[in-house]
Undergrad: 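Dropping the structure in here first, questions after.
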Amino acid sequence: MPETNRRVLLKSRPPGEPRPSDFEITEAPIPAPSDGEILCRTIWLSLDPYMRGRMKDVRSYAAPVEIGGVMVGGTVSEVLESRHADFKAGDFVLGYGGWQTHHVARAGGQPGPFGPLKLDPKAAPISTALGILGMPGMTAYVGLLDIGQPKAGETVVVSAAAGAVGSAVGQIAKLKGARAVGVAGSPDKCAYVVKELGFDACVSYRSPDLFGALKAECPKGIDVYFDNVGGDVLKAVLPQVNPFARIPLCGHIAQYSATELPAGPNLGIVVGMRVKIQGFIVSDHGDRLGDFLRDTSAWVREGRIKYREDIAEGLDSAPLAFIGLLAGKNLGKQLVRVAPDPTRR
Ligand SMILES: NC(=O)c1ccc[n+]([C@@H]2O[C@H](COP(=O)([O-])OP(=O)(O)OC[C@H]3O[C@@H](n4cnc5c(N)ncnc54)[C@H](OP(=O)(O)O)[C@@H]3O)[C@@H](O)[C@H]2O)c1
């Protein structure tokens, strides 16, 4: 076991695309837990697009990381030492330890559904608590089912379709009897989305005629657009929406590192087609955690939903893996293996 806590700090706020020099890797003493706390050693660190937002000091639904602060992030860890009756050394927990090898968590002290939560390694691989059975999976579930409300026979389009959220959205749409059409950044990703995940079609947003490519795959128009990227894809989708279409606005990754915001899409059609557009943040939907875990665990167990993990090795790989995630280098859920997972053979 290392004798220090290795950490990745935010060194500077990038104006555009993050660079490795915006991060600093340092070591600090391993923190000691007080009464009611647990000391955790990170096994899996989740890398997520929202972390780009935490690097900015702008008005948002969550506070930014301070310069010199540890980058935030979801973690699956092993409890090394417990001073809380509900946990013991050797337990595995889902928490919010950030980009570091060790952290202390106050059990029961973090609000919302993503605080320290004991995991059962026999129920599912513990890494899935950061992906298909965690925050990204739940984002797909509530965004699609509660806001998108797809009906059998409708057409659902989802962008970033080969990623953690998008891959689940299309598969849930299929389970509900809808036609699922993905949008992704490369032919390889589109092939994965159709052949392995079972979407009906997938188009590349790099196609010279994205509007025409979507139109060919959505001959009856678009009833639900699950928007993970904003920008040009939203512009190509909007003229093709059917009356009373629903658009869950989940993310706008195409603009997370933009230094200037593009001219917005023309929203006139939203009125004419009586479209419902709703932004959402998954952490407001904690009341759906039980339903999500019940349904998605069963779908994964039965092989009706598939998932992939893209694994970077070692904490020091986190900055480059994060930069790669923003550039679309990941296929499936981007994780960092910070320490060996004793539950995986
Ligand atoms: N509202 C919420 O509560 C909530 C919760 C979780 C995630 N989100 C949002 O959901 C979206 C997907 O997150 P995720 O965790 O599933 O990430 P992900 O899809 O696994 O990874 C991000 C993907 O975005 C795509 N991308 C990057 N730049 C793009 C661009 N300019 N245009 C189009 N696509 C681009 C890349 O795929 P390509 O190769 O296809 O470009 C990349 O693989 C993000 O916008 C995220 O912020 C929102």
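Remember, it's 1-based here, ligands and their atoms both numbered in the order they're listed. Positions are given from 1 along the sequence. Because the structure is a prediction, the values reported are computed rather than measured.
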Undergrad: Apply salt bridge (Lys or Arg N to Asp or Glu O under 4.0 Å) to Glu313 and Arg337, showing your working.
TA: CA-CA 5 Å; Glu313 295 293 342; Arg337 190 182 348 240; 2.8 Å; yes

Undergrad: If you measure from CD1 on Ile277 to CD1 on Ile147, what distance do you get to the nearest 0.5 Å?
TA: 12.0 Å

Undergrad: On the 0 to 90° scale, with breaks at 30° and 60°, tag the Phe292-Tyr141 ring pair as parallel, tilted or perpendicular.
TA: perpendicular

Undergrad: Would you tell me which option among Ile281, Leu249, Val165 has the nearest heavy-atom contact to atom 16 (O) of ligand 1?
TA: Val165

Undergrad: Write out the residue and atom name of the closest protein heavy atom to atom 24 (O) of ligand 1, then the distance separating them to 0.1 Å.
TA: Ile253 CD1, 3.5 Å

Undergrad: I need the atoms of ligand 1 closer than 4.0 Å to a non-hydrogen atom of Pro49, numbered in the order shown.
TA: 13 (O), 14 (P), 15 (O), 17 (O), 44 (C), 46 (C), 47 (O)

Undergrad: How far is atom 11 (C) of ligand 1 from its nearest protein heavy atom, and which residue and atom is that?
TA: Asn228 OD1, 3.4 Å

Undergrad: Under 3.5 Å between some N or O of ligand 1 and some N or O of Ser283?
TA: no

Undergrad: Using a strict cut-off of less than 4.0 Å between a Lys/Arg side-chain nitrogen and an Asp/Glu carboxylate oxygen, indicate whether Asp200 and Lys174 qualify as a salt bridge.
TA: yes

Undergrad: For Glu66, is the CD atom crowded, meaning more than 12 foreign heavy atoms sit under 6.0 Å from it?
TA: no

Undergrad: Evaluate Lys333 against Ser46 for side chain to side chain donor-acceptor pair (under 3.5 Å), listing each step before the verdict.
TA: CA-CA 8 Å; Lys333 171 66 205 155; Ser46 178; 2.8 Å; yes

Undergrad: Have a look at ligand 1 and work out which part of Ala254, if any, has a heavy atom under 4.0 Å from it: side chain, backbone, both or neither.
TA: both

Undergrad: For ligand 1, indicate whether the residue Val233 contacts it via side chain, backbone, both or neither (heavy-atom separation under 4.0 Å).
TA: neither

Undergrad: Do any N/O atoms on Tyr256 end up under 3.5 angstrom from N/O atoms on ligand 1?
TA: yes

Undergrad: With a cutoff of 4.0 Å, is Lys189 in contact with ligand 1, counting heavy atoms of the residue only?
TA: yes

Undergrad: For Lys329, does the NZ atom sit with more than 12 other heavy atoms under 6.0 Å from it, leaving out its own atoms?
TA: no

Undergrad: Please write down residue, atom name and distance for the protein heavy atom closest to atom 19 (O) of ligand 1.
TA: Gly163 CA, 3.3 Å

Undergrad: Nearest protein heavy atom to atom 36 (C) of ligand 1, by residue and atom, and its distance?
TA: Gly328 CA, 3.4 Å

Undergrad: Specify the protein heavy atom at minimum distance from atom 41 (O) of ligand 1: its residue, its atom name, and the distance to 0.1 Å.
TA: Tyr205 OH, 2.4 Å

Undergrad: Within less than 4.0 angstrom of ligand 1, does Met135 place any heavy atom?
TA: yes

Undergrad: Give the atoms of ligand 1, by number and element, whose distance to some non-hydrogen atom of Ala184 is under 4.0 Å.
TA: 40 (O)

Undergrad: Which is closest to atom 8 (N) of ligand 1 in terms of heavy atoms, Gly251, Gly166, Cys250, Gly230?
TA: Cys250

Undergrad: Yes or no: does His252 have any heavy atom under 4.0 Å from an atom of ligand 1?
TA: yes

Undergrad: Out of curiosity, is Gly332 lining ligand 1, as in a heavy atom under 4.0 Å away?
TA: yes

Undergrad: Donor-acceptor pair, distance only, cut-off 3.5 Å: does the side chain of Arg206 make one with the backbone of Gly185?
TA: yes

Undergrad: Counting only heavy atoms, which portion of Val229 has something under 4.0 Å from ligand 1: side chain, backbone, both, or neither?
TA: side chain

Undergrad: Could you give me the CA-CA distance, side-chain angles and deciding distance for Lys215 and Asp209, then say whether salt bridge (Lys or Arg N to Asp or Glu O under 4.0 Å) is met?
TA: CA-CA 10 Å; Lys215 196 165 174 53; Asp209 177 15; over 6 Å; no

Undergrad: What is the closest protein heavy atom to atom 4 (C) of ligand 1, and at what distance does it sit?
TA: Thr139 CG2, 3.6 Å

Undergrad: Please say whether the positively charged group of Arg54, taken as NZ for Lys or CZ for Arg, lies over the ring of Tyr61, i.e. under 6.0 angstrom from the six-membered ring centre and within 45 degrees of the axis.
TA: yes

Undergrad: Quick one: closest heavy-atom pair of Phe322 and Arg52, and the distance?
TA: CZ-N, 3.4 Å

Undergrad: List ligand 1 atoms under 4.0 Å from Leu326, heavy atoms only on the residue side.
TA: 27 (C), 28 (N)

Undergrad: Decide whether an N or O pair under 3.5 Å exists between Pro136 and ligand 1.
TA: no

Undergrad: Can you list the atoms of ligand 1 that are under 4.0 Å from a heavy atom of Val282?
TA: 2 (C), 3 (O)

Undergrad: Quick check on the hydrophobic clustering: are Ile38 and Ile126 connected, directly or via other members, by side-chain heavy-atom contacts under 4.5 Å?
TA: no

Undergrad: Is there a path of hydrophobic side-chain contacts, each under 4.5 Å between heavy atoms of I, L, V, M, F, W or Y residues, that connects Val79 with Phe92?
TA: no

Undergrad: Charged N to carboxylate O below 4.0 Å: is that the case for Arg179 and Glu217?
TA: yes

Undergrad: Looking only at atom types and distance, does a side-chain atom of Asn242 sit under 3.5 Å from a main-chain N or O of Ala245, one as donor and one as acceptor?
TA: no

Undergrad: Among protein heavy atoms, which lies nearest atom 40 (O) of ligand 1, and at what distance?
TA: Gly185 N, 2.8 Å

Undergrad: Among Asp310, Asp188, Asn330, which one puts a heavy atom closest to atom 21 (O) of ligand 1?
TA: Asn330

Undergrad: Using a strict cut-off of 4.0 Å, indicate which atoms of ligand 1 neighbour a heavy atom of Phe280.
TA: 1 (N), 2 (C), 3 (O)

